[in-house]
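Below you'll find the structure, written out as structure tokens, and then a few comments.
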Amino acid sequence: MSPVSATYWGISGYIIFWVFFVVAAGLFVQRTWFLFRLIRLGKPENRFDHMGQRINNMVREVVTQRCSLKSVTRKDLAGFGHAFLFWGFSLFFLSYIIFIGLAGGFGLASIILGGTFERVFSSILDIAGLFVTIAIVWAAIRRYIVRPARLQMSAEAGIIMGMVFGLMLLHFLGDGFGLASAGVTTSWPPISGAIARLLSGSSISNLTLKHVYYSLWWLHYFLILSFAVYVPRSKHMHILASIFNEIFIPLGQKVVIEPIPVEEQENFGISKIQDFTWKDLLDLYSCAVCGRCHASCPAQLTGKTLSPREVIHNLKEHLLEAGSALLTPQPVTAKDGQPKEMLGGVVTEPEIWACTTCGACQEVCPVGIEHVRKIIGFRRNLTMSQSKMPESAQLMLRNMQSRGNPWAGVQSMRLRGDWTSGLDLKILADGDTTDTLFWVGCTGALVERNVKATLAMAKVFKAAGVDFAVLGDAETCCGDPARRAGYDFQFQVMAEQNIEMFKSHGIKQIITSCPHCLNTIKNEYPQYGGEFKVVHYTEFIADLIKQDKIKLSNELNSTLTFHDPCYLGRYNHIYQEPRGILQSIPNAKLTEMERSKSSSFCCGGGGGLMWIEEQPGTTKISHMRLEDALKTGADTVVTACPYCLQMFEESIEHKGIQSKLKALDLVEIVEAAMKQS
Amino acid sequence: MHTIICVKQVLDPEIPPAKFKIDPETKKVIPPAGVPPVISVFDERAVEAACRLKDKNKGKITIISMGSAKAADVVRHTLSMGADDGIVLTDDAFENLDSFGTAYVLSKAIKKIGAFDLVLCGRQAADWGAGQVGSILGEMLGIPIITLACNIEVTGQALKIRRIVRDGFEVLEAPMPSLITVSSEIGLPRLPGGMGLMMARRKVIPTWKAVDIGAEAAMLDKANSHTEVTGLSVPTRKSECEMITGVTLVEAAGNLAARIIKLV
């Protein structure tokens, strides 16, 4: 007999069961409907393509818990805890439907309970419950005693941990009393069975056992209902939202920057909730404030005010607060406390300009939140609608506008085509065509230090017999710094001009020296009809080595460490090629920095920050990265990005350790290692 | 309020000094390859001054630029900043005019445009730097001239101008229309917003030739020129570095101050 089939004070247990269920379900639906309506304030965005693949992705991430396990490191094992909680709790969720819903509420106890099925399932639940309990205790110790920096103290976390702990406790005790009152004293399920044996051995009367069992059962039921009511009202709406967020994550590039909609007239980018797309708003619900982004953000780690965790969390609070006013048709009364301005209030300008767009936050985010495009959305509004930006950003954008490159004045004492003088290169004139273009990039063509790498590149290509051409002084900027700074019109103008030029020269393949150019031309020019085969020089050289067109036979006698440029690694997944090239050099020893490959730490130069002044903090991002390189004991830090190279050189000079560590572009090493014929 | 601004397209002053070449024979500057010309920085500030007036008082801004057909680029830039219309004055006869000839062409164009309340020029051009055109143009138009303005306000039917002088500034009042040359102290020109860029892309910039503005051939004849270039040379740059030291920072600063006083 189940506790529901009994009568309490003359009222049928079924009535009590269903009345409370309907109340709880009502409260659950009311809240989730409200949250759903808030999401619909966002702009439309098509994330419903390839639904099969999307659902498959979600299942692969969520069911296997790859989402949380992928970020497990020796220092941060919390992902295991989450996985055990998830798996364990999923089993419990199933059990609530079967044992409490079907067996209790629908009176199917006689079919479901008392058989092998119950014994096996309960045994599994016992073991799962043990794992969940351990995970909860561990989580509590971590949160309240160990206190890792990425976690933020919150009452919500304590409440939910208490609830889950209570559910486990009620499961063990409830089943224990239930089994004891029914006189079952088997060794399976192990924990509740042991409790039952203990109770049967005591002198407690059977009736008392039954009464306690019934009380515990109802308590358990009410706690489950409270949990369902509480979850969508707390940050644990994550449980509901993140499943959907995993379905709607971008399928290709992690950081998707959409062109400005043509119909946009005055309000560019993001300044208020309605400017976000619905996916951006779903992102906010999905966040469980785990803080992995906070712990990997270069701006945050160097003491800037930006914390991706806080940006997302604050935006969510703002959405819940200001959004309800937006849902009611009558205008908000101006008297008591207008909701804060979102841009400038909830998210401040120093935070927005501190981002290097390195993408580390999105890489570690277990639920697929897209931080970077929100920051760029804010920048778009600041630069294009409000003309509010740091003076250094303005200078860079003016230079791009009038001079076609972000470098100008004393920073560049060269002209675009200067580096080609004295080299026997095919420089494209109007009407010339070529299959393969070597796209040098502004920094590689204009800045003294980077020109050395460009020259090395041209020599390597020539020595390998590559048939290629360059644009010389006709090359302009790819537009990347303007796009990252939010000044998208400038980007669009440059993209369109460049695409037209590429087409006029019949270009099929483009080799870039700069990962930022690579990302822009390869992944963003298609938005404007420019589809070309774009490769980074590390891929191209790796291929030349494979084809035996380049032989790296000179010994190097050096210990190298490779710094993964964000736009090469995280944005374009090129990790192996540069390492493969370095490893094929005789006597070159390659060591890895602790933060490498997909968890590489930005040099500080991305997102336009090569020109935009770094926000005040405790140290410069580049200086922090230099420490990573020094810890490896390498004598050379190798990179494959002109910004990274400059950043390393600057910080090495700042520290005065030129004799201890040098910074080189990978192509300079390749050139040195090639056999001189 | 209708403001007309004269802007000039110049060789990028940011090109590295080592790349700056002249031809002493023809007495002309050889523009280096791959360096797009830019708007004269002083004229850009005049546009900024006009945009600020427009922000406050509404009105219309018309840009005129005398030069090659490529000058349309800088005119478009000013349109994106907030100007309403732009006209390019280009004609073989306009080439190599001196300040007087240039002012004459501009005055004819302004007369063709019609009624206006204010004419703005940069304090000088960023290439030749003569600083003459504004004043001559004012004379030709027969309106008051105020040079080196660092702030312009509209007060009723008059203009209140803050003008830079050697040891500070003076405040003047002038009627409308007047001609004002704008100094750098007015502040940084704005970066065009998204709206401005979009509007500017759509606008048509007409080209006027000598016949369109009714310029007399005699006035454009080089033989009647008021100035003659007798020679052209690149100035030689010499820089010396002297290290001023001191045992303490205070002493070093003292020595530095003493050295600077000697120089002045």
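Sequence lines set the chain letters: A, B, ... in the order given, protein chains first and strands last, and positions in each chain run from 1.
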Measure A/Gln401 against the heavy atoms of chain B and call it side chain, backbone, both or neither at under 4.5 Å.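 Side chain only.
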
Need one label for B/Leu191: side chain, backbone, both or neither, based on atoms under 4.5 Å from any heavy atom in chain A.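 Backbone plus side chain of B/Leu191, per the 4.5 Å heavy-atom cut-off to chain A.
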
With a 4.5 angstrom heavy-atom cut-off, which part of B/Leu188 approaches chain A: side chain, backbone, both or neither?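 For B/Leu188, the contact with chain A is made by the side chain alone.
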
Within 6.0 angstrom of [X] [atom1], more than 12 heavy atoms from elsewhere:
X	atom1	answer
B/Lys203	NZ	yes
B/Phe169	CZ	no
A/Glu500	CD	no

Give a yes or no on whether a salt bridge exists between A/Lys452 and A/Glu649, defined as a side-chain N under 4.0 angstrom from a carboxylate O.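 Not counted as a salt bridge, because no side-chain N and carboxylate O are separated by less than 4.0 Å.
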
Do we see a donor-acceptor contact under 3.5 Å between the side chains of B/Thr147 and B/Arg163?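 The criterion, which ignores hydrogens and geometry beyond distance, is satisfied for B/Arg163 and B/Thr147.
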
If you measure only the distance, is there a donor-acceptor pair under 3.5 Å linking the side chains of A/Asn267 and A/Asp275?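 Indeed, the side chains of A/Asn267 and A/Asp275 share at least one donor-acceptor pair under 3.5 Å.
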
Could you name the residues of residues 385-393 of chain A that have a heavy atom within less than 4.5 Å of a heavy atom in chain B?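 The residues closer than 4.5 Å to chain B, in numerical order, are A/Ser387, A/Met389, A/Glu391.
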
Heavy atoms only: give me the nearest B/Ser68-B/Gln9 pair and the separation to one decimal.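 Heavy-atom minimum between the residues: OG-OE1, 4.0 Å.
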
Please name the pair of heavy atoms, one in A/Lys426 and one in A/Thr433, separated by the smallest distance, quoted to 0.1 Å.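 Here A/Lys426 and A/Thr433 meet closest at NZ-O, 3.6 Å.
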
Counting heavy-atom pairs closer than 4.5 Å to chain B, which one of A/Gly472, A/Ala474, A/Ser402 comes out on top?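 Most heavy-atom pairs under 4.5 Å with chain B: A/Ser402.
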
Heavy-atom pairs under 4.5 Å with chain B - which of A/Arg380, A/Gln394, A/Glu475 has more of them than the others?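 It is A/Gln394.
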
Heavy-atom pair count under 4.5 Å with chain A, highest-scoring of B/Pro189, B/Pro13, B/Gly196: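 Sorted descending by pairs with chain A, the first entry is B/Pro189.
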
Mind checking the CD-CG spacing from B/Glu48 to B/Leu53? Nearest 0.5 Å is all I need.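 Between B/Glu48 CD and B/Leu53 CG, I get 10.0 Å after rounding to 0.5 Å.
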
